[in-house]
Structures are given as structure tokens and as C-alpha cells.
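Report on one structure; see the data block that follows.
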Amino acid sequence: MFQSILFYWIAFVVVVAALGVISARNPIHSVMFLVLAFVSSAVLWMLLEAEFLAIVLVLVYVGAVMVLFLFVVMMLDINVQRMREGLTRYAPLGIGVAVVVILEIAHVVWFKAQGFSLGVAPQPAPADYSNTEALGAVLYTEYVYPLELAAVLLLVAIIAAIALTMRQRPGLKKQNIAKQVAVRAEDRVRLVKMKTEKEE
Amino acid sequence: MGGLMDSMLATWLGIPEWVRELLIIVLKIIVVVLPLIICVALLTFFERKVIGYMQNRIGPNRVGPMGWGQPFADTLKLMLKEIIIPTNSDRFLFLIAPVLSITPAFAAWAVIPLNPEFVIADINAGLLYLLALTSFGVYGVILGGWASNSKYALLGAMRTAAQMVAYEIAMGFALVGVLMAGGSLNLGEIVMAQQGGMSQWFMLPLLPLFFVFFISGVAETNRAPFDVAEGESEIVAGFHVEYSGMAFAIFFLAEYANMILIAALTSIFFLGGWLSPFEGMPIVGDSWLAEPSFFWLSLKIGLFLFCFLWFRATFPRYRYDQIMRLGWKVFIPITIVWIFVEGVMAAMKIGPWSV
């Protein structure tokens, strides 16, 4: 009973936050709504006893990705008026994409729901069940190759991003960090002794 | 007397069970948070005293005996001051930013075992929970800096965002090493894995990770020498330049609460938490000195807090690009190498982590 009230309340917050992301006037507010949506979804996962996924969602998306998002959005000088002009032109495309996404999700849900009876809560796991351990056991045994493939894919993406943005302009002045670290006081300061000059 | 006790017990049992559970949880939280706030107040006092003596001064000594009343006088002053909200600032975000920075600093204490028995929430994924919460703290700073609608505050917020994201990675990797050595994500079990005297503490086998973790912790809390977020000499006071009164005090409280948190985490992960350093030594025998207790944890926390203050009195502030270099090009490679070393040793069954 208590859990279902919690579920519907959090689900309501997720939906409101998701609507807030696309309707907020200020891009910073949009980003914060997205953070709220992520945190609330994490709570939903927690209700499903998937605590590892819930915490990783907060850790990765809220803790790192959204911070960088916020970082970029804060730097942008966004002209809201200009952004609005394109709405009628892009709306059909956006609606089309949304319909495809909804159809895909509905299809998967329908497919997965074959064996389940709707409206019945799943049995809670026993107390000694650790979601983290269970996930690790599956990931590193049965799915170890897909996992490593995904890791390599991410590595390639990182290297590609760095390679694309690393452009060395000729004549660029750079700091030689090793030289800076190795410097000693004697190299920087020259003490000069001289006789006092007096005006006779 | 017995009658009174019985009637009290009867009233207690008369309350519905879920209310009783709730009351006990709230009581536990108060037992942790209230002393924490008092510790923060005392820490500000000790900071000024310690740095004072290190710089050949006396430090505050006017309010109360030997100046002990100073932190409370400061608190009272900050409470009575007006909170000024700048025009053209984002009112809502401006006011919620301090709250966002203090909440994770306190909420993290939920999974920290204070002695062998007491922990508010004994959860399996305690270490992950801590990582998630410490990464949450950056929002308060960024939003506070942006909502102030001030150039200095925005600059401070930018610096913090980049710095905290960078050092979080090093911190997370250092904790991966701890997790491999401890074999659990539960903080109590990590402490138990270090049982058996000082030589078993993770500080020795994980020495590089210990240094990386603590230094990253100093950077995460924006303390000197990594305090470019505040950099008085460049950007006035950084992200909280527009804050006054209690709104400022909450940022202040959050910074010090985070310091205590990092000190506690370092003691738990690398110094055996509430375990006694004299454990198993024949000299002290079976006396309380060999028993694990909160006393040892508080002693270790105190040691690291002193290091925080010591650093501030000793080191000049890092240049911004040097901070970034240290985080990305020095700490992260060190942690990755040490995790690899640990993995190889564990596979070859060498060392304390070979289970």
C-alpha cells in the first residue's frame, strides 16, 4: 500500500519534471528539471530493489553528465526568442520521432509483458539478495564479451573525441610543466650586493 | 519508579509500530547530526587557533574562556544578519543552492559506521551511495554561482565545476582499490577487513591510493591549497560572494561538514575506522585500548582534520592549470596503475587482498 502510494507520487514527479524540461523558459531550469527527473527515476529503481542501477544513475548522470551539461549551458548565450522561431518548422519532425520512440517502447513492453499479469506487484527479493553482486556475476561471466566490447567502444569514442579536438596551431606558446616543476629559487632570484650610493 | 517505567513502556508499545520505527530513525539522525553541527562550529574555532599558532599569533581569545565562545558568537551574528538577494538574480535557485550543498554533506553520514554497532543505515551499496552523494554537492556551488548573477560568482562556479568533476574520478578510482581489498561495498565490512592491528590497515598496501584519496578529498572540499573556487585575491570570494547572513553560513557549514566527512571516510577506508591501533599488542592486553570503539574513529578524524588546517597554513594556492594537471594527468594514472597492480597481485594470490 505504502509502496504503491510512493510509486505513484514519484512517477508523478518524474512526469512533471520531464514536462518541465521541455517547457521551462530558462535553459538552466530545464537542466535542473532533468536532474530532478533522473533522481526521481533513481528512486523508482530503488523501489524495484535495483539499488545498484539507481545509485549508478545518480552517480553517472546527476553527478557527472548533468554537471557538465550545466557547465556548458551556463556559458551559452541563448536567445530564447530565436530558439522559438523554429518550433512550427521542426514540430512535425519532432512529433514523428516521438511517435517512433513510443511505438518502440510499447512494442518491447508488450513483448516482455506476455508472461506477466499486470497489476500484480513482483515478489520482494529475500533479505540476503544483493543486486550489485547479482549484476556483477552476470556481467563478468555470461556477458563478459559484450561488456568488453562496450568498453572498447567507449575507449574508441574517447580517443576519437580527443583526436578531433586536439589541433596544434603552429607557433603556439605552451608551458613546459616539467621545467616549471624543476625550477629552484636560485634560478629565479639573483641577489646582488652593491655599495650604497650616496649623494655627496 | 518501576511503575513509572512500566507505564512509559506501555505508552511506547501502544504507539503503532511504523510510528515507533520512524521515531527511532529520527532519533538516530538527531544523534548524528546535532554533534556534527557542534563539531563544525568548534572546527572553525580550531582552524583559527591552529593557523594562528602556526603563524606565531594567538588567534581568537576574547569571547568566553580562551576564546571558546567565538564560534557561537559568530553563529549568532550570522543568524541576525540580513539575507540580501541581489536584483536580477534567480530567486528560487539562489535560495535553494545553499540547501543543495548542505544536504549531501549531512546525508552521507547515514552509511558511516561510528562504532561496531551504530550506523543509521547498514546498506550493501554504502560505498556507491557515498560516491553518488559527494558528486551531488557540486550543484549547490554551481547554482549558487550562477543564480547570483555576478561575474565573480560565475567564475568561481566554473572553476569549481571543472575541479570537482576531475577529482571525483580520482577519488572513485581510489575507492575501487579499497573495494577490491575490502571485498565489499558495505563500510562496516570494509572496516572489518582491516582487522588485526595497524599492519592490516589499508593505508600500507594501498599507500598511493591513500594519498590520492586524501588529496582529492582536499580538492573536493575546495580547501587550500585547492581553493581557487574562492580565491580571495582573484575573484573576491568566488561562488558565495553575493551571499550574506544565514545563506552564507550554510555554505560555510557545508564546507566544514564536508571536511569532517572526508576525514571520516579516509579513516574508515585506509586507517581501519573504529579499530584500535593497539589491537593484538601484548602490552595493552585486553584493556579498552585494544577494544574497537568510537574513540579511535574520532581520534583518526581529528588527525585528518588537523592535516586540513595544516595544509592551509603551509601551502600556497595552486595555479588553476596545475590543479587540472594534477587531477587528470597525475592522480588518475596513479590510481589506474595501482588498481592494475592490485588485480595482478590478487590473481597471483600475493598480499593481504588475496581472498
Side-chain angles (χ1 to χ4, degrees), chain A residues 1-2 24-36 38-39 42-43 45-46 49-77 125 127-136 158 162 174-178 180-181, chain B residues 18 90 92-93 96-97 100 103-104 107 111 121-143 145-147 149 153-155 157-166 168-169 171-172 175 179 183-186 189 319 321-322 324-326 329-330:
Chain A
M1 181 59 198
F2 180 66
R25 281 160 183 271
N26 192 322
I28 298 268
H29 292 175
S30 292
V31 172
M32 288 320 288
F33 271 123
L34 195 53
V35 170
L36 181 61
F38 277 138
V39 173
V43 177
W45 277 356
M46 203 76 98
E49 300 182 353
E51 72 270 359
F52 180 78
L53 289 175
I55 294 176
V56 165
L57 179 73
V58 173
L59 180 61
V60 174
Y61 281 90
V62 178
V65 174
M66 292 317 289
V67 172
L68 295 178
F69 245 75
L70 204 59
F71 192 77
V72 172
V73 169
M74 263 171 22
M75 308 261 254
L76 293 179
D77 184 23
D128 60 341
Y129 169 78
S130 168
N131 177 253
T132 318
E133 267 181 44
L135 254 175
I158 293 172
I162 294 172
K174 279 176 74 177
Q175 284 167 336
N176 188 343
I177 301 286
Q180 286 185 344
V181 172
Chain B
W18 66 275
D90 194 310
F92 178 71
L93 289 182
I96 203 151
L100 277 181
T103 316
V111 294
D122 192 14
I123 61 173
N124 273 334
L127 199 141
L128 280 172
Y129 170 85
L130 275 174
L131 274 176
L133 273 184
T134 44
S135 63
F136 218 93
V138 65
Y139 280 99
V141 176
I142 299 188
L143 285 178
W146 180 81
N149 196 25
L154 188 66
L155 279 172
M158 290 287 162
R159 290 174 169 197
T160 316
Q163 180 184 333
M164 285 176 97
V165 169
E168 241 165 54
I169 300 173
M171 242 173 139
L175 290 188
L179 150 72
S184 172
L185 283 169
N186 182 297
E189 281 174 35
R319 209 173 58 204
D321 65 311
Q322 289 172 333
M324 282 297 142
R325 177 177 168 271
L326 185 71
K329 293 190 178 172
V330 180

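All values below were derived from every heavy atom in this structure, side-chain atoms included, with hydrogens, water molecules and symmetry-related copies excluded.
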Review point. At what distance, to the nearest 0.5 angstrom, does CG of A:Asn26 lie from CH2 of B:Trp146?
Key: 4.0 Å

Revision key, fill the gap. Separation between CD (A:Gln175) and CG (B:Asp321), nearest 0.5 Å, reads 5.0 Å

Check your understanding: Taking side chain as C-beta onward, heavy atoms only, is A:Met32 less than 4.5 Å from B:Leu143?
Key -> yes

Check your understanding: Is A:Gln180 close to B:Arg319 at the side-chain level, that is, under 4.5 Å between some pair of heavy atoms?
Key -> yes

Review point. Mind checking whether A:Val67 and B:Met164 have side chains closer than 4.5 Å, heavy atoms only?
Key: no

Exercise for review: Start with the C-alpha distance between A:Ile177 and B:Lys329, add both sets of side-chain angles, then the distance that settles side chain to side chain contact (heavy atoms under 4.5 Å, CB included), and finish with yes or no.
Suggested key: CA-CA 12 Å; A:Ile177 301 286; B:Lys329 293 190 178 172; over 6 Å; no

Check your understanding: Would you find more than 12 non-hydrogen atoms of other residues, nucleotides or ligands less than 6.0 Å from A:Phe71 atom CZ?
Key -> yes

Check your understanding: Do other residues, nucleotides or ligands put more than 12 heavy atoms under 6.0 Å from A:Tyr61 OH?
Key -> no

**Study point:** Under 4.5 Å from a heavy atom of chain A, the part of B:Leu133 involved
**Key:** neither

Point to revise | Non-hydrogen side-chain atoms of B:Val138 and A:Leu70 separated by less than 4.5 Å | key: no

Exercise for review: Select, from A:Leu59, A:Val58, A:Val181, A:Val35, the one with the greatest count of heavy-atom pairs under 4.5 Å involving chain B.
Suggested key: A:Leu59

Study note, to complete from the structure: If one checks every heavy atom of A:Val60 against chain B at 4.5 Å, the contacting part turns out to be neither

Check your understanding: Which atoms form the tightest heavy-atom contact between A:Gly63 and B:Ser135, and what is the distance?
Key -> CA-OG, 3.5 Å

Check your understanding: B:Tyr139 versus A:Met66: any side-chain heavy-atom pair under 4.5 Å?
Key -> yes

Practice item. With the side chain counted from C-beta on, respond yes when B:Phe136 and A:Val62 share a heavy-atom pair under 4.5 Å apart, and no when they do not. Key: yes

**Study point:** Minimum side-chain heavy-atom gap B:Leu93-A:Ile28 below 4.5 Å
**Key:** yes

